[in-house]
Amino acid sequence: MTAPRPTVSTVAAQAGVSRQTVSNALNNPERLQPETLKRVLAAIEETGYVRSAAARQMRTARSGVLAYRLDPVRDGIGGVVLDGFLHALTAQAEKQDYRVVLYTAESDQDELRQFSVLTQARAADAFVLVGTHPNDSRYRWLSGHGVPFSVFGRPWPARGGASEPAHAWIDVDGAAGTARATRHLIELGHRSIAFVGWPKGSGTGDERRRGWEEAMAGAGVPPRQRRSLDSSQQDGILAGAEATTRLLAAGATAFVCASDSLAVGAFGAVQAAGARAAVVGFDDSPTAAALGISSVRQPLEDAAQWALKSVLSQLDGRRQAPDDSTLLIPELVVRASSLPASGSTSP
């Protein structure tokens, strides 16, 4: 015969506490003394108790679900950052007894319809937003409907539209990342360091370009030379290779790329040309690691932790100040693609 499923009463008896104490351990652990909380959590582990999502939904009018938009796969490299963020968010949400549900949308309007469907069905308590851009209508809809949300990505200035509602956000300082990558190459003796980036106006891409440009200016590289080393193209391996081939012919000895997709293309073009040019990407994808390409690593665990804490605070009735925003500093991971050749001290 199958053993009966453990209940709150089972846990209470095992821990020698009341049912209310068990409820506090699950829902308001800050109300308990550390030793009591430790004893209750141990009893939960020993009994194998699993709380009922349906019961909690009836009691709290919450689904225990956070919603997240899943974007389509591109070249298998470009989406790795948000994959990493999603994994970290899901893992940390599970520790708080929340789940993450995924949805798709082709546009902001599609996403607003998803907001409506999920909230009306009480299928999601809050949303975690990514892919921020100018004139982002999602903030206004969620704010207007009183739906909690957190944002991985800064708000970008609106282009001829109404100002967006102020809200808290977290983002990674892309300019700091590319500046660090550029200084690393300068320290190796490079001066003709090209930037392989995205078309101007992309927000995130502009920030990454700014870091490269400021580091180059700080090293005394004149504006005219910087302009000759600045390349804009759509993201992708082929685009990165084509840009790098042109820039190598123009005298570039090193490349800072706005993404790992562009960096993989740049690395291939350098190898095909038999050049000794250095390459640094952005995002520290598994592909970059496998190829030995230096790259800028984003602190995704920290971003996910902030995003989760933000929505849970709102769900508990604690509002975040609109200016409670954070820029995380990324880390440069140096690999063979930007190391001097053995016995060499200059490019």
State the CD-OG1 distance between Glu46 and Thr10, to the nearest 0.5 angstrom.
-> 12.5 Å
Looking at side-chain heavy atoms only, is the closest gap between Val147 and Trp141 below 4.5 Å?
-> yes
Are Leu339 and Leu185 connected in the hydrophobic side-chain network, where two residues link if heavy atoms are under 4.5 Å apart?
-> yes
Where do Ala254 and Ala277 come nearest, in terms of heavy atoms and distance?
-> N-CB, 4.3 Å
CD on Gln96 to CG on Leu308, rounded to 0.5 Å | 6.0 Å
More than 12 heavy atoms of other residues, nucleotides or ligands under 6.0 Å from CD of Glu45: is that the case?
-> no
Taking 4.0 angstrom as the limit, do Glu35 and Lys38 come out as a salt bridge?
-> no
Flag, side chain of His190 to backbone of Phe255, donor-acceptor distance under 3.5 Å | no
For Pro134 and Pro157, which heavy atoms make the closest approach, and how far apart are they?
-> CB-O, 3.3 Å
Pairing residues for Glu331 by the salt bridge (Lys or Arg N to Asp or Glu O under 4.0 Å) criterion, not counting sequence neighbours = Arg297
How long is the gap from CE on Met216 to CD1 on Ile186, to the nearest 0.5 Å?
-> 6.5 Å
Between Gln92 and Tyr98, do the side chains contain an N or O donor and an N or O acceptor separated by less than 3.5 Å?
-> no
With hydrophobic residues grouped by side-chain heavy-atom distances under 4.5 Å, do Leu70 and Val128 end up in a single group?
-> yes
Side chains of Thr119 and His145, donor plus acceptor under 3.5 Å = no
CD1 of Ile77 to CD1 of Ile237: how many Å apart, nearest 0.5 Å?
-> 3.5 Å
Full working for salt bridge (charged side-chain N to carboxylate O under 4.0 Å, His left out) between Arg209 and Glu213 | CA-CA 6 Å; Arg209 175 177 279 105; Glu213 188 164 19; over 6 Å; no
Under 3.5 Å, is there a donor-acceptor pair between the Gln114 and Asp110 side chains?
-> no
Nearest 0.5 Å please: distance from the CG atom of Leu248 over to the OG1 atom of Thr253.
-> 9.5 Å
Using 30° and 60° as the class limits, which term best fits the ring planes of Phe115 and Tyr103: parallel, tilted or perpendicular?
-> perpendicular
Residue pair Leu37 / Ala25: nearest heavy atoms and the distance that separates them = CD1-CB, 3.8 Å
Within 45° cone of Phe282 ring axis and under 6.0 Å: Arg208 NZ or CZ = yes
Test item: Thr21 side-chain N/O and Val17 main-chain N/O as donor-acceptor pair under 3.5 Å = no
Quick one: does Ser143's side chain get under 4.5 Å of His167's, heavy atoms only?
-> no
CD (Gln271) with more than 12 external heavy atoms under 6.0 Å | yes
Pair Ser310-Ser150, side-chain donor/acceptor within less than 3.5 Å = no
Give a yes or no on whether Val334 and Val280 share a hydrophobic cluster (residues Ile, Leu, Val, Met, Phe, Trp, Tyr; joining criterion: side-chain heavy atoms under 4.5 Å apart).
-> yes
Main-chain N/O of Ala263 paired with Asp260 side-chain donor or acceptor, under 3.5 Å | no
Trace of the ring-ring contact (aromatic ring centres under 6.0 Å, His included) decision for Phe85 with Phe152 | CA-CA 9 Å; Phe85 174 77; Phe152 178 30; 4.5 Å; yes
Please confirm whether the backbone N or O of Ile193 pairs with a side-chain atom of Trp212, one donor and one acceptor, at under 3.5 Å?
-> yes
Heavy atoms only: give me the nearest Asp125-Gly64 pair and the separation to one decimal.
-> OD2-N, 2.8 Å
Exam field: side chain Arg335 to backbone Ser294, donor-acceptor pair closer than 3.5 Å = no
Do side-chain atoms of Gln314 reach the backbone of Phe149 as a donor and acceptor pair under 3.5 angstrom?
-> yes
State whether a side-chain donor-acceptor pair under 3.5 Å links Gln233 with Glu242.
-> no
Would Val333 end up clustered with Val296 when hydrophobic side chains under 4.5 Å apart are linked, directly or stepwise?
-> no
Do side-chain atoms of Asp283 reach the backbone of Ser285 as a donor and acceptor pair under 3.5 angstrom?
-> no
Ser325 side chain to Trp169 side chain, donor-acceptor N/O pair below 3.5 angstrom | yes
Whether Thr245 side chain and Ala241 backbone form a donor-acceptor pair below 3.5 Å | yes
Straight-line distance of Arg226 CZ to Asp230 CG, nearest 0.5 Å | 10.0 Å
If you measure only the distance, is there a donor-acceptor pair under 3.5 Å linking the side chains of Ser295 and Asp284?
-> no
Verify whether one side chain among Thr132 and Arg154 offers a donor that lies under 3.5 Å from an acceptor in the other.
-> no
Ignoring hydrogens and angles, tell me if any N or O in the side chain of Thr90 forms a donor-acceptor pair with the backbone of Leu86 under 3.5 Å.
-> yes
Hey, does the side chain of Asp206 reach the backbone of Gly201 with a donor-acceptor pair shorter than 3.5 angstrom?
-> yes
Cluster overlap Val130 with Val311, hydrophobic side-chain contacts below 4.5 Å = yes
Minimum side-chain heavy-atom gap Val101-Leu66 below 4.5 Å = no
